[in-house]
There are 2 protein chains.
Amino acid sequence: MRDAKEPHGGRSPGSEATDDYLKAIFEIGGREERMVGSKEIASHLEITAASVTNMLQKLAAAQPPLVVYQKHHGVNLSRAGKKRALEIVRHHRLIETFLAQVLGYPWDEVHQEAERLEHFISERFEERIAAKLGHPEFDPHGHAIPALDGSLPGGAPGRAPQALSQLKPGQTARVASVSDKDPDMLRHLAAEGIRPGIRLTLSERLPFSGSFQVRVGKSEKLCSLSEPLASAILVATK
Amino acid sequence: MRDAKEPHGGRSPGSEATDDYLKAIFEIGGREERMVGSKEIASHLEITAASVTNMLQKLAAAQPPLVVYQKHHGVNLSRAGKKRALEIVRHHRLIETFLAQVLGYPWDEVHQEAERLEHFISERFEERIAAKLGHPEFDPHGHAIPALDGSLPGGAPGRAPQALSQLKPGQTARVASVSDKDPDMLRHLAAEGIRPGIRLTLSERLPFSGSFQVRVGKSEKLCSLSEPLASAILVATK
DNA sequence: TGAAATATTTAGGTATGCCTAAGTTCTGGC
DNA sequence: GCCAGAACTTAGGCATACCTAAATATTTCA
């Protein structure tokens with residue numbers, strides 16, 4: 001409503017929907033920034049592929065273009081689109097950290113709330129919570145928070161984190177991050193004491209269920225993780 | 001986007017626009033809950049009267065109806081509409097208080113940010129900030145924060161606050177609240193030391209400018225307030 | 001009371017962003 | 001190289017919520 005007034009405390013262009021597309025492309029494309037297909041975006045955002053095509057044409061036609069789009073061959077973020085995507089990701093992860101640390105949210109609830117609020121906070125709000133939190137580099141799930149200039153904290157530049165499911169029996173690694181998408185999973189992991197920074201040792205993979213037996217920290221007890229769970233945990237081998 | 005999914009963390013019906021209308025009717029109608037005309041709503045929301053008519057028809061046709069609407073004679077909140085309006089006002093004022101007290105916002109900036117965020121926070125967020133703030137009864141501008149059940153903290157049930165401009169020369173009164181709408185005004189008042197709880201004594205009204213000469217607290221110096229300023233300050237005579 | 005001024009409603013249009021259904025283009029296995 | 005099925009695009013609609021212009025109702029006041 002209210003005519004052509006800009007909606008978000010005077011921030012850059014783009015509606016809520018635009019933001020969602022840019023973030024989706026950013027998340028699906030990964031660090032390699034590969035071309036992303038309409039169908040992938042559609043299922044990520046839980047909308048139809050037809051809707052995606054239309055929006056991609058608009059994003060590509062925007063001034064400046066937010067994506068580079070070749071019909072039938074996928075999209076990619078442009079310079080401006082990537083900048084905006086990083087802003088949104090920064091908002092999201094700062095809000096998650098804020099909700100957990102300042103408001104005491106359980107970590108399985110922060111994602112949903114941040115998903116909504118990330119579109120509506122002002123630069124001032126972002127700046128205030130970043131200051132209050134001491135300009136954190138990682139959110140509660142272990143994901144890197146982009147800096148204001150769009151740069152990502154490097155992590156240990158040695159090895160890129162890999163899925164827990166990739167470890168060999170006997171290997172030990174530190175949890176780098178866990179997926180924030182599934183609250184049930186997060187509750188389960190919290191109950192097992194698994195969170196970023198914790199050391200895990202893969203004991204064995206059970207032959208029939210395919211589940212992973214893992215030792216958490218220095219505890220005696222083994223913990224059993226299903227395949228999807230083990231794929232949602234990224235670890236860094238020391 | 002996302003089909004018919006409810007937008008606000010599973011709260012009651014109503015879009016952002018719906019909320020704005022209900023809040024406007026609530027604010028314009030005042031405690032007496034008098035009938036409110038389309039034009040008043042239109043100018044409050046800075047939209048055209050034609051848009052208002054359309055929306056009022058929808059609000060009246062909703063199940064349950066959110067307003068009681070008689071064509072050409074104005075609207076009024078229904079029971080359900082009033083409940084929702086109070087929820088929004090509670091959100092708004094809690095957010096304002098939170099921004100000021102927890103995030104250190106200057107008081108002239110809290111309104112704009114709250115105006116946006118009030119539509120998007122979940123019940124959980126509301127509950128957490130209310131708890132963090134110790135369930136405050138008044139926001140930084142002195143406005144009463146409705147309780148969860150919709151009741152308003154009574155103020156001193158003795159006299160209803162009146163505009164500072166209604167005082168007679170020589171009278172002393174305590175500032176109950178100031179309007180939160182105009183940031184410039186708020187900055188000016190803050191600079192003069194005028195805020196809720198402060199005691200003011202009206203010295204005189206200047207004959208030509210119409211401005212009010214006021215003594216703030218126990219200070220020696222007089223402070224000059226223009227008519228609109230003096231009308232935006234509500235005071236309670238002791 | 002009746003006409004002018006004001007308030008309100010109706011009718012028709014715009015933009016966003018989603019949908020379904022019906023093509024079209026691409027790709028991989030034979 | 002061809003063709004089936006998957007991926008993608010086009011075309012046509014719908015809902016929301018705003019707009020302008022024109023018509024109508026209400027109020028005011030001489």
Side-chain angles (χ1 to χ4, degrees), chain A residues 1-8 12-25 28-29 34-63 66-76 115-116 119-120, chain B residues 1-8 12-25 28-29 34-63 66-76 84 88 115-116 119-120:
Chain A
M1 81 192 293
R2 269 174 205 56
D3 206 8
K5 213 180 276 183
E6 78 267 72
H8 316 12
S12 34
S15 63
E16 187 181 353
T18 300
D19 287 350
D20 283 337
Y21 279 88
L22 297 177
K23 194 168 68 139
I25 295 166
I28 299 168
R34 64 164 230 280
M35 294 287 259
V36 172
S38 327
K39 226 194 164 196
E40 293 175 285
I41 298 174
S43 75
H44 189 98
L45 296 179
E46 298 181 84
I47 58 180
T48 63
S51 305
V52 174
T53 296
N54 279 303
M55 183 59 99
L56 291 183
Q57 310 209 348
K58 284 177 202 163
L59 295 182
Q63 203 45 254
L66 296 167
V67 300
V68 179
Y69 173 44
Q70 289 183 77
K71 282 187 185 177
H72 296 283
H73 298 283
V75 271
N76 224 308
E115 194 71 13
R116 208 156 1 92
H119 303 293
F120 305 109
Chain B
M1 81 191 296
R2 269 172 205 57
D3 209 7
K5 212 179 280 185
E6 78 271 70
H8 315 14
S12 35
S15 62
E16 186 181 351
T18 301
D19 288 348
D20 283 337
Y21 278 88
L22 297 177
K23 193 168 68 138
I25 296 166
I28 299 167
R34 63 163 231 280
M35 295 285 262
V36 172
S38 328
K39 228 199 162 191
E40 292 176 287
I41 299 174
S43 74
H44 189 98
L45 296 178
E46 298 180 89
I47 58 180
T48 63
S51 305
V52 174
T53 296
N54 279 304
M55 183 60 98
L56 292 183
Q57 311 208 349
K58 284 177 203 162
L59 295 182
Q63 204 44 252
L66 295 168
V67 298
V68 179
Y69 173 44
Q70 289 183 77
K71 283 189 183 173
H72 294 284
H73 297 284
V75 270
N76 219 303
R84 180 67 188 144
I88 302 288
E115 193 73 11
R116 209 156 0 92
H119 303 292
F120 305 109

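Residue numbering restarts at 1 for every chain, and letters A, B, ... go by the order of the sequence lines.
Rounding to the nearest 0.5 Å places CD1 of I88(B) at 3.5 Å from CG of D19(B). Atoms NE2 and CZ, from H119(A) and R116(B) in turn, are 13.0 Å apart once rounded to the nearest 0.5 Å. The structure places OG of S38(B) at 5.5 Å from OH of Y69(B), a figure rounded to the nearest 0.5 Å.
Between T48(B) and dC19(D) there is a side-chain polar atom (N or O) within less than 4.0 angstrom of OP1 or OP2. At least one side-chain nitrogen or oxygen of Y21(B) sits closer than 4.0 Å to the OP1 or OP2 atom of dC18(D).
Between I47(B) atom CD1 and dT20(D) atom P there is a gap of 11 Å when expressed in whole angstrom units. A straight line from NZ of K58(A) to P of dT10(D) spans 13 Å, rounded to a whole angstrom. Note: CG (D19(B)) to P (dT16(D)) measures 15 Å, nearest angstrom. Protein atom CG of L45(B) is 13 Å distant from nucleotide atom P of dA17(D), rounded to whole Å. Rounded to whole angstrom, the span from the CG atom of L59(B) across to the P atom of dT16(D) amounts to 12 Å. Counting to the nearest Å, the C1' atom of dA7(C) and the NE2 atom of H44(B) are 19 Å from each other. With rounding to whole Å, M55(A) atom CE is found 15 Å from dT9(D) atom P. Look at CD1 on I41(A): it is 16 Å from C1' on dC18(C), rounded to the nearest Å.
The overall bend of the helix from dT1(C)-dA30(D) to dC30(C)-dG1(D), read as the angle between its terminal helix axes built from five base pairs each, is 10° when rounded to 10 degrees.
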Would you tabulate the side-chain donor-acceptor contacts of residues 49-57 of chain B under 3.5 Å, counting partners in other chains and residues two or more places apart, or write 'none'?
| residue | atom | partner | partner atom | Å |
| --- | --- | --- | --- | --- |
| S51(B) | OG | T48(B) | OG1 | 3.0 |
| T53(B) | OG1 | A49(B) | O | 3.4 |
| N54(B) | ND2 | A50(B) | O | 3.3 |

Shorter than 3.5 Å, N or O on both sides, protein versus nucleotides 9-13 of chain C: list them out with atom names.
| residue | atom | partner | partner atom | Å |
| --- | --- | --- | --- | --- |
| dT9(C) | OP1 | Y69(B) | OH | 2.2 |
| dT9(C) | OP1 | H72(B) | N | 3.0 |
| dT9(C) | OP2 | S38(B) | OG | 3.0 |
| dT9(C) | OP2 | T53(B) | OG1 | 2.7 |
| dT9(C) | OP2 | Y69(B) | OH | 3.0 |
| dT10(C) | OP1 | K71(B) | NZ | 2.8 |
| dT10(C) | OP2 | Q57(B) | NE2 | 3.0 |

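By the 4.5 Å heavy-atom criterion applied to side chains, K58(A) and T18(A) are not counted as neighbours. In this structure, H44(B) and K23(B) have side chains that are not in contact, with every pair of non-hydrogen atoms separated by 4.5 Å or more. Residues I41(B) and I47(B) are not in side-chain contact: their nearest non-hydrogen atoms beyond the backbone lie 4.5 Å or more apart.
Among residues at least two apart or in separate chains, salt bridge (charged side-chain N to carboxylate O under 4.0 Å, His left out) pairs with a member in residues 35-45 of chain A are R34(A)-E40(A).
Every residue meeting the side chain to side chain contact (heavy atoms under 4.5 Å, CB included) condition with Q63(A), not counting sequence neighbours, appears here in chain and number order: P65(A).
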